[in-house]
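Each chain gets a letter, A, B and so on, in the order the sequences are listed, and its residues count up from 1.
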2 protein chains.
Amino acid sequence: MNVQEGKEKFIQSWGALGSNWGVSRTMAQIHALLLIAPHSLSAEDIMEDLKISRGNANMNIRALMDWGLVYKELKTGERKEFFVAEKDMWDVVKKIIAQRKKKELEPMLKALEELSAVEASDPDSENFVQVVRDIKLFSNKANATLDKLVQSDSNWFVKVFMNMI
Amino acid sequence: MNVQEGKEKFIQSWGALGSNWGVSRTMAQIHALLLIAPHSLSAEDIMEDLKISRGNANMNIRALMDWGLVYKELKTGERKEFFVAEKDMWDVVKKIIAQRKKKELEPMLKALEELSAVEASDPDSENFVQVVRDIKLFSNKANATLDKLVQSDSNWFVKVFMNMI
DNA sequence: CAAAAGTTTCAGAATTGATTGAAAATAAGA
DNA sequence: TCTTATTTTCAATCAATTCTGAAACTTTTG
């Protein structure tokens, strides 16, 4: 496999992985392309490389910037905007976790909070109230743990990893 | 909010959460329904409660059993099959992680392995090789960590949680 | 200020993934 | 064995998501 083939394969794999992570396929492919680009790329470059439309490129670049996975880089004397990827994997993972926590876990916590108001009126609903209580407890722990994780630096990961092994 | 409304709301929320977790909406709803059911349910019960077709119910129940989130229960004297949900949240999370690891992380590791064969031939591809190396290192760590996590019992989670707080 | 360069928006098209429902297969009872 | 209850399969349909491309908008420059 030569370098060119390797790069293409990497972009495809990264895209496939991303699509299971709330990062859409194209979004992940753009990130992959920028990761392995030796220098920053313009929207035009990205469109050409990945053979996607202008609108698609724009939307996904913006989403990546919202997530903090890609940064804008302005070159003096250049009118175009250029983009670079966040390359620290620990940082990438943290940013994805932060987004998904906000988008998924937090609404669930809110719903569970509301469900806690339900009172068991008969033995049948007793089970329901208990299940909700358990899940709420668990989710709150998970939420707190993820908060710490998102705040922590990459050493934390290394430390936990070492402890486990 | 009465118990009935609460149950419906719970099923909807669980379905929404699940759909971002590789567990399809219906799959998660079935799991939710079984979680809060005071006793095991038949495929027919599930179809009626969630207003889904026979085929859909069947496919998703089977998927849930494959994942280890739902168990079959045979009642003596009954020809139908009944189902119950795994209710230990830590166990549920572990099983989801195990599935996703297999389906997503492992193929990525395989791809990275192949990409490691690529050799840098010029300064431009030097960066590519370096990025692949970094990601591979990180992914291997993540993989090992997740393996430990999947094997661990719920005390592990509590312990890590306590350490962080 | 007008023209050129670049970016953003969004309605409709295309794609992908989920669901239905009826028919085929399987298992249990008579 | 034949009949009936139950589960499984799968092509067709439906729903949701993603992508395109042209038009509108914004910014820069002469």
Does A:Arg54 use its side chain to pair, donor to acceptor, with the backbone of A:Glu44 at less than 3.5 Å?
no
Could you tell me which non-hydrogen atom of A:Tyr71 sits nearest to which non-hydrogen atom of A:Met65, and how far apart they are?
C-SD, 4.5 Å
Where B:Glu114 and A:Met1 come nearest, the two heavy atoms and their spacing:
O-CE, 3.6 Å
Can you measure [X] atom [atom1] to [N] atom [atom2] for me and round it to whole angstrom units?
X       : N      : atom1 : atom2 : result
A:Glu44 : C:dA5  : CD    : P     : 12 Å
A:Ile46 : D:dC19 : CD1   : C1'   : 16 Å
A:Ile52 : C:dT15 : CD1   : P     : 16 Å
A:Met59 : D:dT17 : CE    : P     : 14 Å
B:Lys80 : D:dT8  : NZ    : P     : 14 Å
B:Asp66 : D:dT8  : CG    : C1'   : 14 Å
A:Asn60 : C:dT7  : CG    : P     : 16 Å
B:Met47 : D:dA5  : CE    : C1'   : 14 Å

Position toward the 5' end of DNA chain D (nearest nucleotide), B:Glu78 or A:Ser53
B:Glu78
Both A:Asn56 and A:Phe82 contact DNA chain C. Which one's nearest nucleotide lies toward the 5' end?
A:Phe82
Mapping B:Gly55 and A:Ala43 to their closest nucleotides on DNA chain C, which lands nearer the 5' end?
A:Ala43
Quick one: the side chain of A:Arg79 and the base of C:dA4, do they pair up donor-acceptor inside 3.5 Å?
yes
B:Arg62 side chain, from C-beta outward: closest of C:dT9, D:dT9, D:dG21
D:dT9
Any side-chain N or O of [X] less than 4.0 Å from the OP1 or OP2 oxygen of [N]?
X       : N      : answer
B:Asn58 : D:dT7  : no
A:Ser24 : D:dT17 : no
A:Arg54 : D:dA23 : no

Which part of the nucleic acid does B:Glu81 contact within heavy-atom distance under 4.0 Å: base, sugar-phosphate only, or nothing?
sugar-phosphate
If you look at every strand shown and take non-hydrogen atoms under 4.0 Å, does A:Ser42 touch a base, only sugar-phosphate, or nothing?
nothing
Rounded to the nearest 0.5 Å, how far does CZ of B:Phe138 lie from CG of B:Asn143?
11.5 Å
Between A:Asp147 and A:Gln151, do the side chains contain an N or O donor and an N or O acceptor separated by less than 3.5 Å?
no
